[in-house]
S.K.: 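What follows is a single structure, and I will ask about it in a moment.
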Amino acid sequence: MLLIKNARLLENGTPVTRHIYVANGKIKKFLRPSDKKSVNADKVIDAKNNYVLPGLIDAHVHFREPGMVHKEDFLSGSKAAAAGGVTTFIEMPNTKPPTLTVKELHEKRMLAKKSIVDYGFHFGSSTDNLSEIKKVWQNEHNRIASTKVFMNISTGKMLIEDDVLLKKIFSASKMITVHAEGKKIEKAVEMSNCANRKLHLLHISLASEMDFIKKTKKASKYTVEVTPHHLFLTERFVKDRKNLKAIGKMFPSLKTQKDRMALWNGIYKGFVDTIGTDHAPHTIEEKSVDFDKAPGGVPGIETMLPLLLDQVNKCNLTLTQTVNLTSTNPAKIFGIKNKGSMSVGHDADLVIVDLKKTKKVKNEELFTKCKWSPFDGLSLKGWPITTIVRGNVVFDGENVICDKLISKNKNHRGGEIEFNH
Ligand code: DOR
Ligand code: ZN
């Protein structure tokens, strides 16, 4: 039994202090500090009246394994997740090879066992894997989050431009996540409406896209993701850099201040459902070539929560909005059972945050293998100080705790999650 005492929680939006009891990796009960009942605990963590939030669920990461493990792998990526308060991630299929067959999915599953936080997978689509898409949704629909469809060019060779095939892919899938930009989001929405399928629009970056979303979202079945880099950076980030401009290259690209403000407005008005990091590490060497030749993508899983907590401190966002966007809504959208909120019976995936801690993002302190962040040098107020996955501490504010735990007890590994679509 684990006891997290003096935890500040939001109860219907109101802060309260509770002791949280965790048994067998699940939240067992909440007691008031005034309750005299004592419960034997083997381990006690004093949250010291800091907020305890449900662990973040990052439904959009590229952890590069197999095939590009010089940039990231499931262990390094999951360490970065733990340091960022992320207790579950869902991995994208544009690896080498890409996850386009059931066999490749099974192989990736074996590789992911090294993860120290929980995980799941999106399945890939290409011009020639329709039969595999059908097979995976027939045989293991609860073990994939979505079919990921690239309707715009990006890292990897997974672009699909044939509308007839796109329609077949949408029909064969219970849920689709799509990389579509500009007008193409309209096509994706139309196709999901026709096929009557759930659609999650990834990394919305334009004011014009947000306008379309505001007009159509109520009548449709789709949900919307934005990324931290589009919320916090604009094209100026690239223009102002003297060297290594490609640090600011990603797909979709960074946009104008007007676009950035439209995304925040979408959050305030309730049109944005999730924030996903699109954590897409590339090495500094790979980024050190001409802008046009450099790969697109930025790491982000370690900095999402401090960036958002800093906004909470600045009164630009509430803690409740933060939790909904990064945990509760991803769990609902992908049908992840027992996660996404702090309820009795749910997995004890928790992050203790110190809203007063001020610290700079520093490249050298990051756990991602690529060891850089577009936010390097930025001072932020509000940091995760303890991350807990199913009752196991995986990050203590400075160190990722895995090697010792893993050798002692296999259960300290992350595990694969299931999806109820
Ligand atoms: O910037 C991006 N990088 N966008 C994507 O869609 C893919 C990602 C990557 O894998 O590098
Ligand atoms: Zn992505």
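Values reported hereafter were calculated over all heavy atoms of this structure, with side chains retained and with hydrogens, waters and symmetry mates removed. Start at 1 and go down the list; that is how both ligands and their atoms are numbered. When a residue number appears, it is its place in the shown sequence, counting from 1. Just so it is clear, the structure is predicted and the values come from calculations on it, not from any experiment.
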S.K.: What protein heavy atom sits nearest atom 7 (C) of ligand 1, and how far off is it?
M.R.: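 Minimum-distance protein heavy atom for atom 7 (C) of ligand 1 reads Ser154 OG, 3.2 Å.
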
S.K.: Have a look at ligand 1 and work out which part of Glu181, if any, has a heavy atom under 4.0 Å from it: side chain, backbone, both or neither.
M.R.: neither

S.K.: Is it the side chain, the backbone, both or neither of Asn94 that has a heavy atom closer than 4.0 Å to ligand 1?
M.R.: side chain

S.K.: What is the closest protein heavy atom to atom 1 (O) of ligand 1, and at what distance does it sit?
M.R.: Phe251 N, 2.8 Å

S.K.: Could you see which bit of Lys249 sits under 4.0 Å from ligand 1, with heavy atoms only: side chain, backbone, both or neither?
M.R.: neither

S.K.: Taking the ring of Phe123 and the ring of Phe121, is the distance between their centroids below 6.0 Å?
M.R.: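 Ring centroids of Phe121 and Phe123 are no less than 6.0 Å from each other.
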
S.K.: Show the atoms of ligand 1 that are less than 4.0 angstrom away from any heavy atom in Met250.
M.R.: 1 (O)

S.K.: Residue-level breakdown please: for His62 versus ligand 1, do any non-hydrogen atoms fall below 4.0 Å on the side chain, on the backbone, on both, or on neither?
M.R.: side chain

S.K.: Determine the interplanar angle of the Phe89 and Phe74 rings, folded into 0 to 90°, and report it as parallel if under 30°, tilted if 30 to 60°, perpendicular if over 60°.
M.R.: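 Correct class here is parallel.
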
S.K.: side-chain hydrogen bond (donor to acceptor under 3.5 Å, both in side chains) for His179 and Asn152? Distances and angles first, verdict last.
M.R.: CA-CA 6 Å; His179 180 139; Asn152 284 88; 5.1 Å; no

S.K.: What are the atoms of ligand 1, with element, lying closer than 4.0 Å to any heavy atom of Ala280?
M.R.: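 Within the 4.0 Å cut-off of Ala280, ligand 1 contributes 3 (N), 8 (C), 9 (C), 11 (O).
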
S.K.: Looking only at distance, does Phe150 have an N or O less than 3.5 Å from an N or O of ligand 1?
M.R.: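 Phe150 vs ligand 1: no N/O contact under 3.5 Å.
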
S.K.: In degrees, rounded to 10 degrees, what angle do His60 atom NE2 and Asp278 atom OD1 make at the Zn ion (ligand 2)?
M.R.: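 NE2 of His60, the Zn ion (ligand 2) and OD1 of Asp278 span an angle of about 90°.
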
S.K.: Has ligand 1 got any nitrogen or oxygen that is less than 3.5 angstrom from a nitrogen or oxygen of Val298?
M.R.: no

S.K.: Taking the ring of Phe375 and the ring of His229, is the distance between their centroids below 6.0 Å?
M.R.: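 That pair fails the under 6.0 Å test.
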
S.K.: Quick one: do the Asp128 and Ser126 side chains pair a donor with an acceptor below 3.5 Å?
M.R.: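 There is such a pair between these side chains.
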
S.K.: Counting backbone and side chain alike, does His62 bring an N/O/S atom below 2.8 Å of the Zn ion (ligand 2)?
M.R.: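 Under 2.8 Å: His62 contacts the Zn ion (ligand 2) through an N, O or S atom.
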
S.K.: Atom 3 (N) of ligand 1: which protein heavy atom is closest, and how many Å away?
M.R.: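 Residue, atom and distance for the closest contact: Gly296 O, 3.0 Å.
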
S.K.: Describe, in one word, how the ring planes of His421 and Trp137 are oriented to each other, choosing from parallel (under 30°), tilted (30 to 60°) and perpendicular (over 60°).
M.R.: perpendicular

S.K.: I need the contact type for His282 against ligand 1. Using non-hydrogen atoms and a strict under-4.0 Å cut-off, is it side chain, backbone, both or neither?
M.R.: side chain

S.K.: Nearest protein heavy atom to atom 11 (O) of ligand 1, by residue and atom, and its distance?
M.R.: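 Checked against all protein heavy atoms, atom 11 (O) of ligand 1 sits closest to Arg64 NH2, 2.8 Å.
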
S.K.: Have Lys214 and Asn265 got a donor and an acceptor in their side chains that come within less than 3.5 Å?
M.R.: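 Yes - a donor-acceptor pair under 3.5 Å links their side chains.
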
S.K.: Check the side chains of Asp259 and Thr256 for a donor-acceptor pair under 3.5 angstrom, ignoring hydrogens and angles.
M.R.: yes

S.K.: Does the side chain of His200 come under 3.5 Å of the side chain of Thr177 through a donor N or O and an acceptor N or O?
M.R.: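 Note: His200 and Thr177 side chains miss the donor-acceptor criterion.
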
S.K.: Check whether any side-chain heavy atom of Leu254 lies under 4.5 Å from a side-chain heavy atom of Thr234, and answer yes or no.
M.R.: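 Result no, sub-4.5 Å side-chain heavy-atom pair not found.
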
S.K.: Suppose I only count heavy atoms of His179 and a 4.0 Å limit; which atoms of ligand 1 are within that range?
M.R.: 6 (O)

